[in-house]
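All remarks here apply to the structure that follows.
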Amino acid sequence: ELFLLNPSPATAQILTTPIKVLIVYDAPSPDQYEKLGFAYAIMLRNLIGHFNSAVDLVPIQNYSAGKIESYQATFYLGSYYNNPIPTAFLNDVNATQKTVVWFKYNLWQFAWNTAYNFNTRYGFSFVGLQGLNAPPSSSNPTPGFFDTVSYKGQSMVKYYAYDAASNTVNADPDVGVTQVIDTAKAQALVTITNSKTSAQAPYIIRSGNFWYFADMPLSYIGPRDRYLVLCDILHDIFADNQPVSHKALVRLEDVDALVNFGTMKTLSDYMFSKRIPFSIATIPHYLDPLGVYNGGVREEVPLSQAGTLKTSLNYALARGGKILMHGYTHQYDSMRNKNTGVSADDFEFWNAVANTPVAEDSTAWALGRLLAGKTEFQNNGYAPFAWETPHYQASPLSTKAVPLVFNTTYQRAVYYTSDTPNFTATVSKDFQVGQFFPYVIKQDYYGQWIVPENLGNIEYNISSIDPSSNITYTWQDICLNAQYATVVRDGFASFFFHPFWLESSLAPLVTTGFTDFKNIIQCITTLGYTWTDASTLGHP
Ligand SMILES: [Zn+2]
Ligand SMILES: [Zn+2]
């Protein structure tokens, strides 16, 4: 038969067979933190969604003997101190030639168990745990810990915050300290330093098929954090041949019916002059239910009546712009959720006041809004190439509607340990975790294809005229983030920018919006990134 001519089964298999991956995680029950390990498992599963993969998540107590052998790689997330590891799992880790990656806690149950001859087999030893150098206090708020991971010339300092008033530490200071015994068997690939004492320990140690990470790189993640090391090293763990390749993306944010054509023209002209493709996160249906910006009178502007918006979009489209859909109204009902109730200010698919899903939340409810917005675009002659969730947060059920309408998203996301999360239960409470990605994710936990945004956006403190805008984030911050992102071999430099920062009405509070924007573009270009059309990175 014709379709069997010149078959190449080996190649076909490489292209189509996903890597089978098992993630086992701690879920001690009953316990307040029973589900925290599941949250980390979801995050790791998302990252592995960068690769052509099929991932199973299993609580460690449900591990059954022999399971490791049906996967190419198994990851154990030791997030809970002294959680008992089933002997079946230890036996299988000990016996297998398949890839095993162990994170943080409980390695002692394997390495110090005389049944396994760990040191001889792997050529390294587990020395013990190290946490804070001393208990913090108001007189000694930063006692120090193993806080600095060195990787590809960058120093990545782990998050740490201490509140003396409540005597609470927000940090993940514990590391498992290991030591190479036999350099023919074990290599310390990455080092972590205690910046107060200058002591050093392996951050990632590898012995053949066995990898150990000294901490939980999914806790307290950030754009200059050791999370990026995990993102990069996954390529080595899966032995893919990803060459170094760095793409850059820029997105104009929260463009709606009230957009100022002058700012869009300035930005579109600039991007076109540089031949840099760009995206426009557009809100199709403008709503100000409380009349906050309209003298107390409710205002609603569908795309069909949004003349300036359409003029701005058409101008941008002719100069390399591409449209994505950023919410239907980017606000919820007629409540302040939690700023003004006005499009672009508020959450649409999450009650940010109560920190719960909205009252009528369901996949069908969200689906209706997504379809309404997409239809509004289409009726006006536009075809958005992707979806971006307003304020990057939607309920689990709402998020599940996204892949039903858009095969591509362009965003960060929040993940939950339940479809109906309860964050206040005393036992087994749920967790929500926000995650950004330094590269394309082909499938996340909710089935979304994600084009990344990983650098953030410029913010100016204009709290004197808008109390909710009280953050400062500079072009230098974005530029530094872009520098860090280069440690990921195919790391992106993807940022977004609000065109309203160019508006003259913000003077004298903000006068450098356009200059700062151009500085970011220049910095990212100088770092060697290739400006890319985000619509070419979507689901094929
Ligand atoms: Zn927005
Ligand atoms: Zn990659």
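Each ligand, and each atom within it, is numbered from 1 in the order the structure gives. Each residue takes its place number in the sequence, starting with 1. Side-chain atoms are counted along with the backbone in the values below, which use heavy atoms only and exclude waters and symmetry mates. Values in this document were obtained by computation on a predicted structure and should not be read as measured data.
Side chain to side chain, D172 and S219 meet the donor-acceptor criterion of an N or O pair below 3.5 Å. Residues S398 and D361 bring a donor and an acceptor atom of their side chains to less than 3.5 Å of each other. Looking only at atom types and distance, the side chain of Q432 has a donor-acceptor partner in the side chain of Q393 under 3.5 Å away. Judged purely by distance below 3.5 Å, without hydrogens or angles, the side chains of Y473 and N461 never pair a donor atom with an acceptor atom. Side-chain atoms of T389 and W387 include a donor-acceptor pair closer than 3.5 Å. For E300 and H285, the side-chain atoms include at least one donor-acceptor pair closer than 3.5 Å.
If you count the protein N, O or S atoms nearer to the Zn ion (ligand 2) than 2.8 Å, you get 3.
Salt bridge D236/R206: absent, no basic N to carboxylate O contact under 4.0 Å. In this structure, D215 does not pair ionically with K104, as no charged nitrogen and carboxylate oxygen lie closer than 4.0 Å.
Checked options D254, T282, D256; the residue passing with H326 is D254 (criterion: side-chain hydrogen bond (donor to acceptor under 3.5 Å, both in side chains)).
The Zn ion (ligand 1) has D254 OD1, H326 NE2, H330 NE2 as protein N, O or S atoms under 2.8 Å away.
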